[in-house]
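All figures in this text were calculated on a predicted structure; none of them were measured in a lab.
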Amino acid sequence: MAQIQFSRGIDEDAIPDVRLTRAKDGSTGTATFYFEKPKALSSTSTEEITGMYLIDEEGELLTREVKAKFINGQPEALEALYIMRSPAEWDRFMRFMERYAEENGLGFSKSK
């Protein structure tokens with residue numbers, strides 16, 4: 001069980017593009033999530049976006065850094081930034097991503 005939510009209790013169906021960066025010394029890192037046409041922005045959604053919740057059997061990771069992208073006045077995408085401030089936070093995030101990737105058939109490719 002690994003899911004992403006923008007409103008508590010409502011799982012997001014859209015699979016994000018995730019880009020990771022990490023300091024050379026491993027002390028900090030960031031993950032940028034990009035969701036195209038997420039359920040959270042659909043015209044049928046009545047729930048308020050309160051953050052991005054990464055939920056698995058270990059618990060919950062949370063970021064409030066969520067921005068909507070609009071094209072011609074229509075909501076098209078969500079971009080969320082998750083910041084890891086320690087090697088332990090990085091390790092915890094990677095455990096979540098491994099579970100999420102396994103459940104959703106995602107792959108990992110390292111940039112050159």
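Residues M1 and M94 do not share a hydrophobic cluster, defined by chaining ILVMFWY side chains whose heavy atoms lie under 4.5 Å apart. In this structure, I55 is not a member of the same hydrophobic cluster as I15, with clusters built from ILVMFWY side-chain heavy atoms closer than 4.5 Å. Under the 4.5 Å side-chain heavy-atom criterion for grouping Ile, Leu, Val, Met, Phe, Trp and Tyr, I10 is not connected to M52 through any hydrophobic cluster.
With contacts defined as side-chain heavy-atom distances shorter than 4.5 Å, the pair T50/V66 does not qualify. Residues R19 and Y34 have side chains not in contact (no heavy-atom distance under 4.5 Å, counting atoms from C-beta outward). In this structure, the side chains of F70 and P75 come closer than 4.5 Å at one or more pairs of heavy atoms.
With values rounded to the nearest 0.5 angstrom, Q3 atom CD is found 9.5 Å from Y100 atom OH. A distance of 11.0 Å separates CD1 of I4 from CG of L78, quoted to the nearest 0.5 Å. The CZ atom of F35 sits 11.0 Å away from the CD atom of E79 when rounded to the nearest 0.5 Å. Atoms OH and CG, on Y82 and L61 in that order, are 4.0 Å from each other to the nearest 0.5 Å. Atom CD of residue E12 and atom CD1 of residue I49 lie 8.5 Å apart, to the nearest 0.5 angstrom.
Closest heavy-atom contact between L81 and T63: O-OG1, 2.6 Å. Nearest approach of P38 to E76, heavy atoms of both residues: CD-O, 3.9 Å. Contact detail for R22 and W90: the closest heavy-atom pair is NH1-NE1, 3.0 Å. Taking every heavy atom of both residues into account, R92 and G59 meet most closely at NH2-N, 3.6 Å. A23 approaches S27 most closely through the heavy-atom pair CB-OG, 4.1 Å. Nearest approach of A77 to L41, heavy atoms of both residues: O-CD1, 3.4 Å.
Remark: side-chain polar atoms of T30 are not paired, donor with acceptor, to backbone N or O of I83 under 3.5 angstrom. Proximity of a side-chain donor or acceptor of E47 to a complementary backbone N or O of A40 within less than 3.5 Å is not detected. Using a distance-only test at 3.5 Å, with no hydrogens or angles considered, no donor-acceptor pair links the side chain of Q5 to the main chain of Y53.
A salt bridge is absent between D13 and K37: the closest approach of a Lys/Arg side-chain nitrogen to an acidic carboxylate oxygen does not fall below 4.0 angstrom.
Atom CZ of R95 has more than 12 neighbouring heavy atoms from other residues, nucleotides or ligands inside a 6.0 Å radius. The local environment of CD in E102 is sparse, with at most 12 non-hydrogen atoms from other residues, nucleotides or ligands closer than 6.0 Å. The environment of E60 atom CD is dense: over 12 non-hydrogen atoms of other residues, nucleotides or ligands sit within 6.0 angstrom. Counting non-hydrogen atoms of neighbouring residues, nucleotides and ligands closer than 6.0 angstrom, the CZ atom of R85 reaches no more than 12 such neighbours.
Classification of the F93-F96 ring pair by plane angle, with boundaries at 30° and 60°, yields tilted.
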